[in-house]
Structure formats: C-alpha cells, structure tokens
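Here is the structure we will look at.
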Number of protein chains: 2
Amino acid sequence: MSRDDRAPVAGPSGDAPPNLGILLRAPFQEVVRRISAELAEAGFDDLRPAHTAVFQHIAPDGSRLTDLAERAQITKQSMGYLVDYLEQRGYLERRPDPSDRRAALICLTDRGWAQIHAALAIIHTVESEWTRALGKQRMRQLRELLTELGQITG
Amino acid sequence: MSRDDRAPVAGPSGDAPPNLGILLRAPFQEVVRRISAELAEAGFDDLRPAHTAVFQHIAPDGSRLTDLAERAQITKQSMGYLVDYLEQRGYLERRPDPSDRRAALICLTDRGWAQIHAALAIIHTVESEWTRALGKQRMRQLRELLTELGQITG
DNA sequence: TCCATCTCGTCAGTATCTCTGACTACCAGT
DNA sequence: ACTGGTAGTCAGAGATACTGACGAGATGGA
C-alpha cells in the first residue's frame, strides 16, 4: 500500500524541447483543475482533491473499505479518513454487509451520484473543447495513442 | 498561490471507454513513478516528490525563493520549507544576492546538478522505451499532439 | 466443537506538504 | 526621511498520507 500522484517531473529551468513528463502533465492537470473548479461552482464545494480517489473506485452497488483502499493504492486507514468525511457530508453511506458482519458496504447516496454525473459532464465538456481546437481526426489519434501507451505501461 | 497535482480524475468504477483524464493520468504517473524509483536506486533516496518542484524551476545560475515559489505555484513559505530540506542535504546552497541584501540566490550544488542529470536520463530512457513500443512515427505524433494541447490549455 | 489464524475496520500517533497571518529587514520613489 | 512595497522567516494550523496495534468476526482444520 502506497501512492504517488503528485510531483512535477524534473528538468532545470530553461529546457528547449520539453520532455514527455512535462508534456503529459500540462493537459492532465488542466483536467484536474477544471473538474475541481467547476464542481465547486456546481455546489460541490466541500470536496477536496483526495476525495476523487473514492468516487473513482467505488462500485455502483457499493464497495468495501479494504477494496477501495487497494484500488486507490492507499492504506485502508487513509481511505477510512476520506470515507468518514464524505459520509458526514452526505455523499456516501455505510450499510452493514449481509455476508460479513465485520465489513460495511460503502454506497453512493443520491448526492454522491449527482457528484459523479457532474464530474463526468465536466470531463466531457473539456474533451469537446479540445476536439474543437484539435480537430476530430487528431483528437481520435491522441486518444488512440494514449490508450496504447496505457497498455504498454500496464 | 496554490497548487494541485494529485487527484485521480472521476468516474465510477466500471466505465467502458476511459475518459481523457484517466488516459492522460496513466502515462504521466508512470513517468513520475519511474523517476522516483530510479532516482532512489541511483543514491538520491532522500528526495521526496515535492522536491521536484524545486529542481524543475531553479535557474542554472540560481533563483530567488520568491521566484521559485511563483513558478511552482506554491507559497514562498512552502518553497522555503522544501529549500531548507534540500540545502541541509547538500543539493542546494543559499548565496547572498549582490544586488539586494534582503534576498538570497538559491543555487544548485554539484550534487544538485547530478540529481538533475540523473532525472533527465531516466526520462530519456522512458521515452526511448515508449518509442520502441509505439514506433518512431507515432511517438512523434504523440509529442506533437501533446505540445499543441499544452498550447491550447495555456 | 474448539482453536489457530486470517481479515475487516478502527484507534493512536507521526510525517509530509501545504496554507494563512504576522513580522523584520531592506529597497525605492517622493 | 517618510511611505509603501518586496524578500524572506516564524508560528500555527489543516489535509493527507503513513505505521503499528488492536478488537471483533470469519474460517478451516484437528
């Protein structure tokens, strides 16, 4: 269990051709920024970056804390901290797991679902903007190349 | 002054076509992971993710704390915290700025330069691997598309 | 059945990295 | 010299991660 999302990516000030790390970081962070800003505007202003780790990995019919932690690559203690916060604000609820009395099923509430739909809509908007700027053809290429890269890197 | 590197990027478990946020994140984090792991192997095992913000923005002939902070998009107090750490471990040194007695020039030491060269070499290795897997042609396309995207998003 | 062992989640404590606010020392224009 | 702005630090706090230890419940044999 461990994790590392942060981190700029090295290179002294004054590079001529930006390296791939930097090239990838710019659009990635643009997406993150947009989601964060526009979710806040949409009324989800009590969400912080770390909470995305929960929403991204939770199953539609509920997940166990341990599963969430493993998928998000953080400890279950850390995941517990995030889930507590989101439960208090009404995004999630814990239900007893009928098949194991030690466990709880962490489920999205209506508000939780609303947040997910809002976030997906924001991403879709960004993709549309990029498609308009880049052209449909080049956007498809980009998507293909990134998909391949994702397979290469596991 | 603020900053946000972290954060997965939304979407409930069970998406069919991964959105661009996720598509960009995978290779970006692969680069970050590789740099972190291989720098540690190379003897730079006292560096943590946040320190990249310093190395990435420092000018070859030295930078002021305030400049570093602004380029890295964090407060000068936060940058001060990182610089203190790196100075203690011999990656940086503070020299009095001859043109302003309030200021200090933060400069790379030999060890600091060695770290930068090592990090760039690692990125170069990763790029080579990807080029081998993707082909020279497609790698060039990817680089062009990401460069364009970087210009679009500012 | 009973016991050893494993798993689920939590409690407690700590490290890292960020922030805000307040402050000193210094610079620059009037 | 005053006045306002800038460079950097000190102090305190909050968010997000970690490790270690633990209790309750599950589970598979003896």
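All values derive from a computational prediction rather than experimental measurement. The sequence lines fix the lettering, A, B, ..., with proteins before strands; numbering per chain opens at 1.
- Counting only distance, with no hydrogens or angles, the side chain of A/Thr153 and the backbone of A/Leu149 share a donor-acceptor pair below 3.5 Å.
- Atom-to-atom, CG of B/Leu47 to C1' of C/dC17 comes out at 15 Å; the value is rounded to the nearest Å.
- Distance, A/Ile74 CD1 to C/dG9 C1': 14 Å, rounded to whole Å.
- Residues in residues 68-104 of chain A take part in these ring pair (Phe, Tyr, Trp, His ring centres under 6.0 Å) pairs, two or more places apart or across chains: A/His51-A/Tyr85, A/Phe55-A/Tyr91.
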Between the protein and nucleotides 21-23 of chain C, list the N/O to N/O atom pairs that are separated by less than 3.5 angstrom.
{"unit_1": "C/dG21", "atom_1": "O6", "unit_2": "B/Gln77", "atom_2": "NE2", "d": "2.5"}

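- The shortest distance between side-chain heavy atoms of B/Thr109 and B/Trp113 does not fall below 4.5 Å.
- Going from atom CE of A/Met79 over to atom C1' of D/dA15 covers 15 Å, rounded to whole Å.
- Near-neighbour residues of DNA chain D inside residues 86-103 of chain A, defined by a heavy atom below 4.0 Å, number-ordered: A/Asp100, A/Arg101, A/Arg102.
- The side-chain contact (heavy atoms from CB on, under 4.5 Å) with A/Met79 is formed by just one residue from the set A/Leu65, A/Asp67, A/Asp84, A/Ile106; it is A/Leu65.
- Rounded to whole Å, the distance from CG on A/Leu65 to C1' on C/dC11 is 14 Å.
- Taking atom OH of A/Tyr85 as the reference point, atom P of D/dA17 lies 13 Å away to the nearest angstrom.
- Look at OH on A/Tyr81: it is 14 Å from C1' on C/dA15, rounded to the nearest Å.
- Pairs passing the salt bridge (charged side-chain N to carboxylate O under 4.0 Å, His left out) check and including a residue from residues 115-126 of chain B, sequence neighbours excluded, do not occur.
- Side-chain nitrogen and oxygen atoms of A/Thr66 include at least one within less than 4.0 Å of the OP1 or OP2 phosphate oxygen of C/dG9.
- Annotation: salt bridge (charged side-chain N to carboxylate O under 4.0 Å, His left out) contacts involving residues 35-44 of chain B, sequence neighbours excluded, comprise B/Arg34-B/Glu38.
- Phosphate contact (OP1/OP2 of C/dT18, side-chain N/O of B/Thr75, threshold under 4.0 Å): absent.
- Listed here is the closest heavy atom pair of A/Ala133 and B/Ile152: CB-CD1, 3.5 Å.
- Between the CD atom of A/Gln73 and the C1' atom of D/dT16 there is a distance of 16 Å, rounded to whole Å.
- The salt bridge (Lys or Arg N to Asp or Glu O under 4.0 Å) check on B/Arg111 picks up B/Asp46, with sequence neighbours excluded.
- Under the 4.5 Å side-chain heavy-atom criterion for ILVMFWY residues, a single connected hydrophobic cluster contains both A/Ile123 and A/Leu146.
- A/His51 has its NE2 atom 12 Å from the C1' atom of D/dG14, to the nearest Å.
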